[in-house]
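Both backbone and side-chain heavy atoms feed into the values below; hydrogens, waters and symmetry mates do not.
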Amino acid sequence: MPSAFELAEAPAGRPVARVLLDSALPQLDHLFDYAIPAELAERLRVGQRVRVPFRSRDRKSFGYVVEFAERSDFGGELAHIADLVGEVPVLSPEVWRLARAVADRAGGSAGDILRLAIPTRQVRVEKQHLAAAGGEAAGDAPAGDTAGGDPPAGETAGGDPPAGEPAADSAAEGEIAASLIEGARLALTASHGPERLHTGEWVGGWAAQLARLALEVFARGRSAILITPDYRDLDQLRDALAALGHEEVVRVDSRQSNAERYAGFLRALDPEPRIVLGNRSAVYAPAHELGAIIMWDDGDPVLAEPLSPYVHARDAALVRAEQTGAGLFFASHARSEEVQRLVELGYVRAQQNPPRRSRIVHADASISPDAFAGRVPEFAARTIREGLRSGPVLVQVATPGYAPVAVCGECGDLARCLKCAGPIGFRTVGRASCRWCGEYASDWRCGTCDGRRLEERGMGSGRTVVQFERQFQGARVILSDGEHPRERVDGRPALVVATRGAEPLAAGGYRAVVLLDAERLLSLETLRAGEDCLRWWENAAALTAPDGLCLMASGGGPVVQAFVTGRTEEWLRGELRDRQALRYPPAVRVASVSGGPDEVERALSGLRGIDGVDHLGPTPVPAGGPNRTPPGIVRAIVRFDYGRGAEVASRLRGALVADAAGSSARSKGRAPGRARPEALRLRFDDRGVFDS
């Protein structure tokens, strides 16, 4: 089988190489022409990383060879490529087209996307991969490149994956896989409940179903990319695939070492089908003959990239599927508004058979949350006690820490951090700190009455554990939150207190799942409070044993009613109609434009005259806060129809490039490496743009 090097395009006598520089500067986000030196003419390929002179012959920059040309439009003498950085063509044409399209859609730079897609080079790993594949060993790494590292134990690059046998009951997955390979776009609402693998491990039923689907795609000679929000979901899929006989997956995981990730990346480059399993950046994996992109729980904000240009994995998947003809499969326990919109447009086809749901009841919607003598109403307490007789019980709470809110003990005003003005809470008993910057409130003083005494308000996960240890004496109480993560618990009786999204998987499922703090979660000052609550509650309810019970302890209103009755899709449709009337995402796209008043005004002026585009603001951005915003910054929110996305992104990107290119003169005298506080910043499709 030919190697990736042999399949990559060669110069074939063309003397010009077009190179994308590896630079974060927006004004350098285009191809530069370089002459191909004679000594590299036989070794150079599209996709290889090279070093090239830039601005002077002695100053070298890294870049990627994107294409070759017969001639250059540059009128002067072309500089020559200095040298190669490894023999492997790490940038495939498919990934380059994806990076360019995704960056253009988000008003960003393709180089920023490629830094997510291509891991840091590890010379020793690359040499071993080439040796295993029968290629030539890579040369020594030039100065400035990272070397070292071994491939993970038990992995050999370039080997053929074992052909896992699909489960006997996978006829439905086989039909879905065949339609995906033909380019189908599907949405599945997964059934509740865990599933036991023949190895004895327990996984969510969704994980077993998606693993079978990926294997059906793989059995048809096509690659599949499986994308999950976090490592716990990823581990369940890995266990399910291994139990079905396929352990040779390519992992794209933030917990991997550089060597492990680069070894997996090289295996994905091999010209043979693979199953790629990972988090949000896995959508950019160079999968050969891609058949399907399978995404679990796309509504989870973790799938939104926090680095520029802030592209959500779902949006990148939509672009890649459109470019390659691969199928798309969105699976979740609660559909996101974005997927709901695509379903209503007919772009994505939803399943017809209703999913199996756990038994869900409401304790008493008429009881206010302050009417309980303890942490939970008596009906919920009885449910917990009954569940503990035969197995584990899960209690979901809203926030981590001991007490999420601190107030002045004298006047009752909300306590604010003296450093950044963020809210103060108690992470542990008697230890107050800022929830934004982490500063301890040891010298806190009230700005209203000059008081110095702080009081606790609300109950976090830690305080709930303390109360439950008193209320349910003798019970084993387990805490699972961001600081005390638990991936799994056994089937013995235990009271598991977990924050939303941190619920561990229980062997056999929980005898009871109790959902607390519905009022607090629904009152979060975010446009997506209802949508997120449905997702949190459905994911928790899915952990219930088949004969168990999920109990909504309190709360009321349309969202709670939709969850309890199973009419979540009906609620999503109504919510989407409301957002269409108000021009809120995802009914329209949005872009956040921030910077100095003059910079923002210049950017907005370039959008005038485009139909279907309006903007809110600019309004001042409060100084400080979790992002440490400097004073004098303003922000405008641009709203635009999907059909105007390319034009809006192009014009705002042009304003960004003009602002960056002119920054040298405006920044004269500023310390090197320090960006102008008033510099223009863009962020497209930010899910929290309307949050308080």
Side-chain angles (χ1 to χ4, degrees), residues 1-20 22 31 34-52 62-69 80-99 114 117-142 145-151 155-161 221 223 248 250 252 258-259 261-274 276 284-290 324:
M1 180 178 293
S3 66
F5 177 85
E6 293 169 321
L7 290 176
E9 184 181 355
R14 290 168 290 184
V16 178
R18 289 181 173 151
V19 175
L20 178 76
D22 186 2
L31 302 183
Y34 286 90
I36 301 174
E39 62 271 19
L40 295 180
E42 297 299 322
R43 297 169 56 200
L44 201 61
R45 294 290 186 274
V46 164
Q48 287 176 327
R49 199 164 188 240
V50 293
R51 286 204 312 164
V52 294
F62 291 103
Y64 298 96
V65 176
V66 172
E67 62 187 20
F68 299 113
H80 286 71
I81 293 175
D83 50 36
L84 287 178
V85 183
E87 301 286 339
V88 178
V90 292
L91 176 58
S92 68
E94 180 182 320
V95 173
W96 160 246
R97 289 192 299 271
L98 174 64
L114 295 183
I118 302 175
T120 304
R121 182 182 182 232
Q122 305 290 304
V123 174
R124 189 180 306 166
V125 173
E126 189 173 294
K127 286 182 176 181
Q128 292 174 339
H129 177 84
L130 289 172
E136 297 178 0
D140 293 334
D145 204 39
T146 304
D150 294 313
E155 289 190 20
T156 304
D160 292 330
S223 291
E248 292 296 314
V250 173
V252 181
N258 288 337
R261 185 163 185 184
Y262 193 62
F265 173 79
L266 293 177
R267 290 179 58 222
L269 277 172
D270 288 338
E272 57 183 285
R274 301 285 191 190
V276 180
Y284 303 109
H288 177 72
E289 292 289 334
L290 181 60
T324 63

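The side chain to side chain contact (heavy atoms under 4.5 Å, CB included) search around Pro37 returns Glu39, Leu40, His80, Ile81, not counting sequence neighbours. Applying the side chain to side chain contact (heavy atoms under 4.5 Å, CB included) rule to Ala4 yields no partners; only residues at least two apart in sequence or on another chain are considered.
For the pair Val125/Asn258, no side-chain contact is recorded, criterion being any heavy-atom separation below 4.5 Å from C-beta on. Side-chain contact between Phe68 and Ile36: present, with at least one pair of heavy atoms (C-beta onward) separated by less than 4.5 Å. In this structure, Val88 and Leu130 have side chains that are in contact, with non-hydrogen atoms separated by less than 4.5 Å.
Residues Arg49 and Tyr64 come closest through the heavy atom pair NE-OH, 3.8 Å. In terms of heavy atoms, Gly264 sits closest to Val250 at O-CG1, 3.1 Å. When all heavy atoms are compared, the tightest approach of Gly221 to Pro273 is O-CG, 3.3 Å. Nearest heavy atom pair, residue Ile118 against residue Val90, reads CD1-O, 3.9 Å. Taking every heavy atom of both residues into account, Glu272 and Ser223 meet most closely at O-OG, 4.2 Å.
Between the side chain of Arg45 and the backbone N or O of Glu42 there is at least one donor-acceptor pair closer than 3.5 Å.
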request  = Carefully, step by step, assess Val46 and Gln48 under the rule side-chain contact (heavy atoms from CB on, under 4.5 Å).
outcome  = CA-CA 6 Å; Val46 164; Gln48 287 176 327; over 6 Å; no

ask   = What's the verdict on side-chain hydrogen bond (donor to acceptor under 3.5 Å, both in side chains) for Glu126 and Tyr262, showing C-alpha distance, side-chain angles and the deciding distance?
value = CA-CA 8 Å; Glu126 189 173 294; Tyr262 193 62; 2.5 Å; yes

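The structure places CD of Glu87 at 10.5 Å from OG of Ser3, a figure rounded to the nearest 0.5 Å. The line from CG of Leu44 to OH of Tyr34 is 13.5 Å long, rounded to the nearest 0.5 Å. With rounding to the nearest 0.5 angstrom, the NE2 atom of His129 is 10.0 Å from the CZ atom of Phe265. To the nearest 0.5 Å, atom NE2 of residue His288 and atom CZ of residue Arg274 are 10.5 Å apart. Here CG of Leu290 is found 6.0 Å from CD of Glu94. Values are rounded to the nearest 0.5 Å.
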Please list every donor-acceptor pair under 3.5 Å in which a side-chain atom of residues 7-20 meets a protein atom from a residue at least two apart or in another chain.
| unit_1 | atom_1 | unit_2 | atom_2 | d |
| --- | --- | --- | --- | --- |
| Glu9 | OE2 | Arg14 | NH1 | 3.0 |
| Glu9 | OE2 | Arg14 | NH2 | 2.6 |
| Arg14 | NE | Pro11 | O | 2.8 |
| Arg14 | NH2 | Ala10 | O | 2.9 |
| Arg18 | NE | Asp33 | OD1 | 3.2 |
| Arg18 | NH1 | Glu67 | OE2 | 3.2 |

